[in-house]
Amino acid sequence: MKQIMHKARLLAAIALTLIVCGCASTQKLSEVDRAKFKTARINQTVQKGQLFLLAPSGANVGLIFGAIGGAAASGSIADTQKSFTDFLDKNSLSIEKIVREEFEKALKESGKLAIAGPEESSAPVINISVPQYGFGVTHLLSSNVVPVIQVKCDLVDSSAKLIWSENERMLPSIASPMQSTTWAQLHDDPKQIEEQWRKASRILVKKIIDTL
């Protein structure tokens, strides 16, 4: 019974975390602005938010990705996040770079806005942020994980007025469009982390750009 109650509380906490992080507002691009703006600059600095790791089946993610000593034994959220972040840094894996590159590629392919050069100061700017990213199990008893990503994009004009805002997110679920993997596979082949995040980002940014 205690185990069931613990999992119920965990699920409630997870749901609250995902809901809070997913409550970004949107703003449609007006027909006037759509006709007015044909180019945009992409801000090369991508804001990164919360790292989200979900492994309630008992896997010690911190231990898998390199935590040692007391940190490995504790299995705390902070220690787990640090060990995973250190692993990303060690393998030169950047969610900011991945999302920015996938957005720029998808924008070019869409033909909706031409990408302006940095010298075109009058062109509006697209600011990209990743409020949440990571991996999570597909359900509470599973050891299989899928990407967790939220991407938010804002288009602001030269006066810093917001003229368009959209966001999309991908949650850990058995209904995820991503092929699941395991923590061990991600550790043994770090390139899988990038591949998983790129595929997920590609899905999200295409949905976002469709609203331009």
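In this structure, Q132 and R169 have side chains that are not in contact, with every pair of non-hydrogen atoms separated by 4.5 Å or more. In this structure the side chain of L186 reaches within 4.5 angstrom of the side chain of V145, judged on heavy atoms. In this structure the side chain of S94 never reaches within 4.5 angstrom of the side chain of L88, judged on heavy atoms. For the pair E166 and C153, the minimum side-chain heavy-atom distance is 4.5 Å or more. For the pair E120 and T39, the minimum side-chain heavy-atom distance is below 4.5 Å. Residues N43 and I126 fail the side-chain proximity criterion, which asks for heavy atoms closer than 4.5 Å.
V99 and S201 get closest at one heavy-atom pair: CG2-OG, 3.5 Å. The two residues V146 and S173 have their closest heavy-atom pair at CG2-N, 4.0 Å. Closest heavy-atom contact between S158 and S122: CB-O, 4.2 Å. Contact between A123 and A40 at its shortest, heavy atoms only, is CB-CA, 4.4 Å.
To the nearest 0.5 angstrom, D154 atom CG is 11.0 Å from Q47 atom CD. In this structure, CD in Q27 is found 13.0 Å from CG in N167, a value given to the nearest 0.5 Å. For the atom pair NZ of K36 and OG of S30, the computed distance is 9.0 Å after rounding to the nearest 0.5 Å. How far CE of M178 is from CD1 of I203: 6.0 Å, rounded to the nearest 0.5 Å. Rounding to the nearest 0.5 Å places CG of L155 at 9.5 Å from OG of S165.
Residues passing the side-chain hydrogen bond (donor to acceptor under 3.5 Å, both in side chains) test with D210, sequence neighbours excluded: none. Partners of F103 under the ring-ring contact (aromatic ring centres under 6.0 Å, His included) rule, at least two apart in sequence or in another chain, do not exist in this structure. Under the salt bridge (Lys or Arg N to Asp or Glu O under 4.0 Å) criterion, E102 pairs with R198, R202, sequence neighbours left out. For the salt bridge (Lys or Arg N to Asp or Glu O under 4.0 Å) test, residues two or more places apart in sequence or in another chain that qualify with K48 are E96. Take F87 and apply the ring-ring contact (aromatic ring centres under 6.0 Å, His included) test, not counting sequence neighbours, and it matches F65, H187. Scanning for side chain to side chain contact (heavy atoms under 4.5 Å, CB included) contacts around V156 gives V125, N127, L162, with sequence neighbours left out. Residues meeting the side chain to side chain contact (heavy atoms under 4.5 Å, CB included) test with R34, sequence neighbours left out: L29, E31. S159 pairs by the side chain to side chain contact (heavy atoms under 4.5 Å, CB included) definition with D157, K161, not counting sequence neighbours. Remark: K97 engages E101 in a side-chain hydrogen bond (donor to acceptor under 3.5 Å, both in side chains) (not counting sequence neighbours). Partners of K28 by side chain to side chain contact (heavy atoms under 4.5 Å, CB included), not counting sequence neighbours: none found. With sequence neighbours excluded, no residue satisfies salt bridge (Lys or Arg N to Asp or Glu O under 4.0 Å) with D33.
Side-chain contact check for T26 and W164: no donor-acceptor pair (N or O, by modelled atom type) lies under 3.5 Å. Between the side chains of Q196 and T181, not a single donor N or O lies within less than 3.5 Å of an accepting N or O.
Looking only at distances, a side-chain donor or acceptor of T211 sits under 3.5 Å from a matching main-chain atom of I208. No side-chain donor-acceptor contact under 3.5 Å links R100 to the backbone of T45. Not one N or O on the side chain of R41 forms a donor-acceptor pair closer than 3.5 Å with the backbone of G117. Checking side-chain atoms of S176 against main-chain N and O of P172 turns up no donor-acceptor pair under 3.5 Å. Distance alone, capped at 3.5 Å, is enough to place a donor-acceptor pair between the Q81 side chain and the L51 backbone. The backbone N or O of T182 sits less than 3.5 Å from a side-chain atom of Q185, completing a donor-acceptor pair. Q44 contributes a side-chain N or O that, together with a main-chain N or O of I42, makes up a donor-acceptor pair within less than 3.5 Å. Of the possible donor and acceptor atoms, one in the side chain of S83 sits under 3.5 Å from a partner among the backbone N and O of T80.
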Exercise for the section: Determine, step by step, whether N144 and T138 satisfy the side chain to side chain donor-acceptor pair (under 3.5 Å) criterion, reporting the C-alpha distance in whole Å, the side-chain angles of both residues, the deciding distance to 0.1 Å, and the verdict. Expected result: CA-CA 6 Å; N144 293 328; T138 53; 5.3 Å; no
Problem - Pair D188-W183, side-chain contact (heavy atoms from CB on, under 4.5 Å): steps then yes or no - result: CA-CA 9 Å; D188 294 343; W183 296 114; over 6 Å; no
Exercise for the section: Take F84 and I193 through the test side-chain contact (heavy atoms from CB on, under 4.5 Å) and record every step on the way to the result. Expected result: CA-CA 11 Å; F84 193 80; I193 296 177; 4.2 Å; yes
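For E119, the CD atom is densely surrounded, since the number of other residues' heavy atoms within 6.0 Å is greater than 12. Annotation: K112, atom NZ; neighbour count of heavy atoms from other residues, nucleotides and ligands within 6.0 Å is above 12. Environment of CD1 in I115: crowded, with over 12 heavy atoms of neighbouring residues, nucleotides or ligands closer than 6.0 Å.
Salt-bridge annotation for D86 and K82: present, with a side-chain N of the basic residue lying under 4.0 Å from a carboxylate O of the acidic one.
For residues 193-212, the pairs satisfying ring-ring contact (aromatic ring centres under 6.0 Å, His included) are Y133-W197, F135-W197, with sequence neighbours left out.
Checking each of N91, I95, L93 against E194 for a side-chain contact (heavy atoms from CB on, under 4.5 Å) leaves exactly one that passes, namely L93.
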